[in-house]
Amino acid sequence: MSGRSGPAPFRHVLLKIHSRCNLACRYCYVYAHADQSWRRQPLAMSCDVVDQAAHRLAEHARAWELSRVTVTFHGGEPLLAGRNLIEYAVQAVRRALPPEIEVGFTVQTNGILLNDAFLELFRRYEVRVGVSLDGGRKATDRERRYAHGGGSFDEVSAGLARLRSPRYRHLFSGLLCTVDLRNDPVDVYEQLLMFEPPRLDLLLPHGNWTTPPPGRISTDDRTPYADWLIAIFDRWYGAPRRETDIRLFSAIMSLLLGGPGGTEAVGLEPIDFVIVETDGSIEQGDALKTTEEGMAATGLHVASSRFDEVLALPVVQARQRGLAALGDTCRRCELVQVCGGGHYAHRYRADAGFTNPSVYCLDQQRLIRHIDRRVGHDLRQLLGADR
């Protein structure tokens, strides 16, 4: 996809139902970076804000004649909001949406509070559950720690054990893992496989040209993040059976073959999600909070603004214009249809905005070319065998 003539609707709304967390992960894009607006947010979303957000979603879905939308409960740590508020939010969204529009619910949690009472609630309403985990005990406890310094692995493992029990297993949507170069990549992958996730999301730590991520030096042509990811790709792709889906790799493979990407990390597809903060303010993606204060804000609120007003904002349109929104370097690159310029937040530089290649540009080039070679070789072998 090379560009768009008009906006694309929001199909996914993230509700920040609780603004605080019971962990103090040192890489957190909400609490540990430039934007500290979380300090001004109420602890939990009010029922009034829930109702307003549900109304705006229904209004948007009807206007765009959407057949399906997704609502994700997010935070902070969303389970801190409690079961009653989550149940209220599910019911409010279902009341607001007409019956012909299907709605899927998900929750992204650190898993610590994932007990049977929450899981029964999620089972009742078919809320799918994603859990954040960075590998085994050593990898997870390195960063995903309590404020007092203790690790969280044991509590998360216990939550995952309950989630993976036969009664709740169908709710498990996958694991989200932040890449840490200090951890052995294949060990991380195999430790995560112990939890039998249906999908893995491998996320590059958020950074940019002004505040580079760990180990990524702008004057250095080494590719430490590509090296780390390639080790997992080769282990994953070369396995005798597909043990799980890894969204980043699947997206790159699809894009190489001319298909969709389905993730904001790669490809040129427009963003299709919007965030409602705990106080009802409407924001762009949280990753923008790693650039500078207020970058994720839109100045709009669900009490007074339609989601179509968000789509009309230049800062949002820039993330929906595909190739046209990229700088000259990216537009000239032979990999642009696959890379898409990388994650929008990773392109930021204080003196030049977002029209730069990703701070991970060299890593992404190497990873994409590696996957292209391996998949291309196998396709040629397969096609040759069919002749």
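Position 1 is the first residue of the sequence, and the numbers go up from there.
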Q: Measure up the Y237 and F233 rings against each other and bin them: parallel (under 30°), tilted (30 to 60°), perpendicular (over 60°).
A: parallel
Q: Go through E334 and R369 one step at a time and tell me if the salt bridge (charged side-chain N to carboxylate O under 4.0 Å, His left out) criterion holds.
A: CA-CA 11 Å; E334 64 181 358; R369 288 193 167 100; 2.6 Å; yes
Q. Do W38 and R20 touch side chain to side chain, with heavy atoms closer than 4.5 Å?
A. yes
Q) Are Q52 and H301 side-chain neighbours, meaning at least one heavy-atom pair lies under 4.5 Å? A) yes
**Q.** Closest non-hydrogen atom pair, A89 against V50
**A.** CA-CG1, 3.6 Å
Q. Salt bridge between E243 and R235, side-chain N to carboxylate O under 4.0 Å?
A. yes
(Q) Do I282 and V302 make a side-chain contact, defined as non-hydrogen atoms from C-beta onward lying under 4.5 Å apart? (A) yes
Q.
Would you say W64 and D308 are linked by a side-chain donor-acceptor pair, where the criterion is simply a distance under 3.5 Å?
A. yes
Q. So how far is it from I368 CD1 to C333 SG, rounded to the nearest 0.5 Å?
A. 8.0 Å
Q: Not counting sequence neighbours, which residues clear side chain to side chain contact (heavy atoms under 4.5 Å, CB included) with A231? List them please.
A: P185, V186
Q. Could K138 and D187 be called an ion pair, given the rule that one side-chain N must be under 4.0 Å from one carboxylate O?
A. no
Q: Answer whether the closest heavy-atom distance between the side chains of L171 and E126 falls below 4.5 Å.
A: yes
(Q) Looking at W236, I'd like to know if the NZ or CZ of R242 sits under 6.0 Å from its six-membered ring centre while staying within 45 degrees of the ring's axis. (A) yes
(Q) I'd like to know if the side chain of E77 pairs up with that of T109 as donor and acceptor (distance under 3.5 Å, no hydrogens or angles considered). (A) yes
Q: For residues A352 and T355, report the shortest heavy-atom separation together with the two atoms involved.
A: O-OG1, 3.5 Å
(Q) The test is side-chain contact (heavy atoms from CB on, under 4.5 Å); show your working for L193 and T244 and say whether it passes. (A) CA-CA 8 Å; L193 282 180; T244 187; 3.9 Å; yes
Q.
So which atom in R347 and which in G340 form the shortest heavy-atom distance, rounded to 0.1 Å?
A. NH2-O, 3.1 Å
Q) Does a salt bridge link E269 with R321, judged by any charged N lying under 4.0 Å from a carboxylate O? A) no
Q | Residues Y344 and E264: side-chain donor-acceptor under 3.5 angstrom | A | no
Q | Nearest non-hydrogen partners of I275 and G285, listed with the distance | A | CD1-CA, 3.8 Å
Q | Point-to-point distance, once rounded to the nearest 0.5 Å, from CD of Q191 to SG of C177 | A | 11.5 Å
**Q.** CZ-OG distance between F195 and S157, expressed to the nearest 0.5 angstrom
**A.** 3.5 Å
Q) Shortest non-hydrogen contact from I112 to S152? A) CD1-CB, 4.1 Å
Q | Y27-D134 side chain donor-acceptor pair, cut-off 3.5 Å | A | yes
Q.
Checking side-chain polar atoms at under 3.5 Å, does D286 have a donor or acceptor matched by the opposite partner on H206?
A. no
Q. Does the side chain of N183 pick up a donor-acceptor pair with the side chain of R142 at under 3.5 Å?
A. yes
Q.
Surrounding CZ of R164 (heavy atoms of other residues, nucleotides or ligands, distance under 6.0 Å), is the total greater than 12?
A. yes
(Q) Tell me whether R124 is salt-bridged to E87, with the criterion being a basic N under 4.0 Å from an acidic carboxylate O. (A) yes
Q. Stepwise, does the side-chain contact (heavy atoms from CB on, under 4.5 Å) test hold for N84 with Y88?
A. CA-CA 6 Å; N84 290 342; Y88 183 89; over 6 Å; no
Q. Is a salt bridge present between D220 and R222, judged by a nitrogen-to-oxygen distance below 4.0 Å?
A. yes
Q. Does R11 pair with D272 as a salt bridge, N-O distance under 4.0 Å?
A. no
Q | No-hydrogen, no-angle side-chain donor-acceptor test under 3.5 Å, S46 and D48 | A | no
Q.
Within the 3.5 Å criterion, strictly below it, is a donor on Y125 or Q91 matched to an acceptor on the partner's side chain?
A. yes
Q | Parallel, tilted or perpendicular, as decided by the 30° and 60° cut-offs, for the rings of F73 and F105 | A | parallel
Q. How long is the gap from OH on Y360 to NE2 on H346, to the nearest 0.5 Å?
A. 5.5 Å
**Q.** Smallest separation among heavy atoms of T278 and A44, with atom names
**A.** CG2-C, 3.1 Å
Q: For salt bridge (charged side-chain N to carboxylate O under 4.0 Å, His left out), just list the numbers for D363 and R216, CA-CA rounded to whole Å, side-chain angles, deciding distance to a tenth of an Å, and then say yes or no.
A: CA-CA 9 Å; D363 294 281; R216 180 69 269 172; 2.5 Å; yes
Q.
What verdict does the side-chain hydrogen bond (donor to acceptor under 3.5 Å, both in side chains) test give for D184 and Y189, after you've listed the backbone C-alpha separation in whole Å, the side-chain angles of each residue and the deciding distance to 0.1 Å?
A. CA-CA 9 Å; D184 178 84; Y189 175 61; over 6 Å; no
Q. Less than 4.0 Å between a side-chain N and a carboxylate O, is that true for D116 and R167?
A. no
Q. Does A117 have any side chain to side chain contact (heavy atoms under 4.5 Å, CB included) partners at least two apart in sequence or in another chain, and if so, which?
A. R83, N115
Q. Quick one: do the T72 and H12 side chains pair a donor with an acceptor below 3.5 Å?
A. yes
Q) Can we say R56 and E59 salt-bridge, meaning some charged N sits less than 4.0 Å from an Asp/Glu carboxylate O? A) yes
Q.
Do L175 and L204 sit in one hydrophobic cluster, given that two such residues count as connected whenever their side-chain heavy atoms are within less than 4.5 Å of each other, even indirectly?
A. yes
Q.
Between D35 (side chain only) and G294 (backbone N and O only), is there a donor and an acceptor less than 3.5 Å apart?
A. yes
Q | Salt-bridge criterion met for R40 and E277 (N-O under 4.0 Å) | A | no
Q | Flag for N22-N110: side-chain donor and acceptor within less than 3.5 Å | A | yes
Let me check something: any side-chain donor-acceptor pairs from residues 248-262 under 3.5 Å, sequence neighbours excluded? List them with distances.
from : atom 1 : to   : atom 2 : distance (Å)
S250 : OG     : D245 : OD1    : 2.3
S250 : OG     : I246 : O      : 3.3
S254 : OG     : P260 : O      : 2.5

Q. Which of parallel (below 30°), tilted (30 to 60°) and perpendicular (above 60°) describes Y348 and F354?
A. tilted
Q) When rounded to the nearest 0.5 angstrom, what distance separates CG in L313 from OG in S305? A) 8.5 Å
Q.
Side chains of Q108 and S132 only: does a donor on one sit below 3.5 Å from an acceptor on the other?
A. yes
Q: Could you tell me whether the side chains of E120 and Y168 share a donor-acceptor contact shorter than 3.5 Å?
A: yes
Q.
Surrounding CD of E65 (heavy atoms of other residues, nucleotides or ligands, distance under 6.0 Å), is the total greater than 12?
A. no
Q | Distance in Å, Q41 CD paired with H18 NE2, rounded so as to fall on 0.5 Å steps | A | 11.5 Å
Q. Any side-chain donor paired with an acceptor under 3.5 Å for Q36 and R39?
A. yes
(Q) Taking the side chain as everything from C-beta on, heavy atoms only, tell me whether F307 gets closer than 4.5 Å to P9. (A) no
Q.
Please determine whether a side-chain nitrogen of the Lys or Arg among D227 and R366 lies less than 4.0 Å from a carboxylate oxygen of the Asp or Glu.
A. yes
Q: Output, in order, the C-alpha distance, side-chain angles, deciding distance and verdict of salt bridge (charged side-chain N to carboxylate O under 4.0 Å, His left out) for R137 and D154.
A: CA-CA 8 Å; R137 182 186 307 278; D154 287 340; 2.5 Å; yes
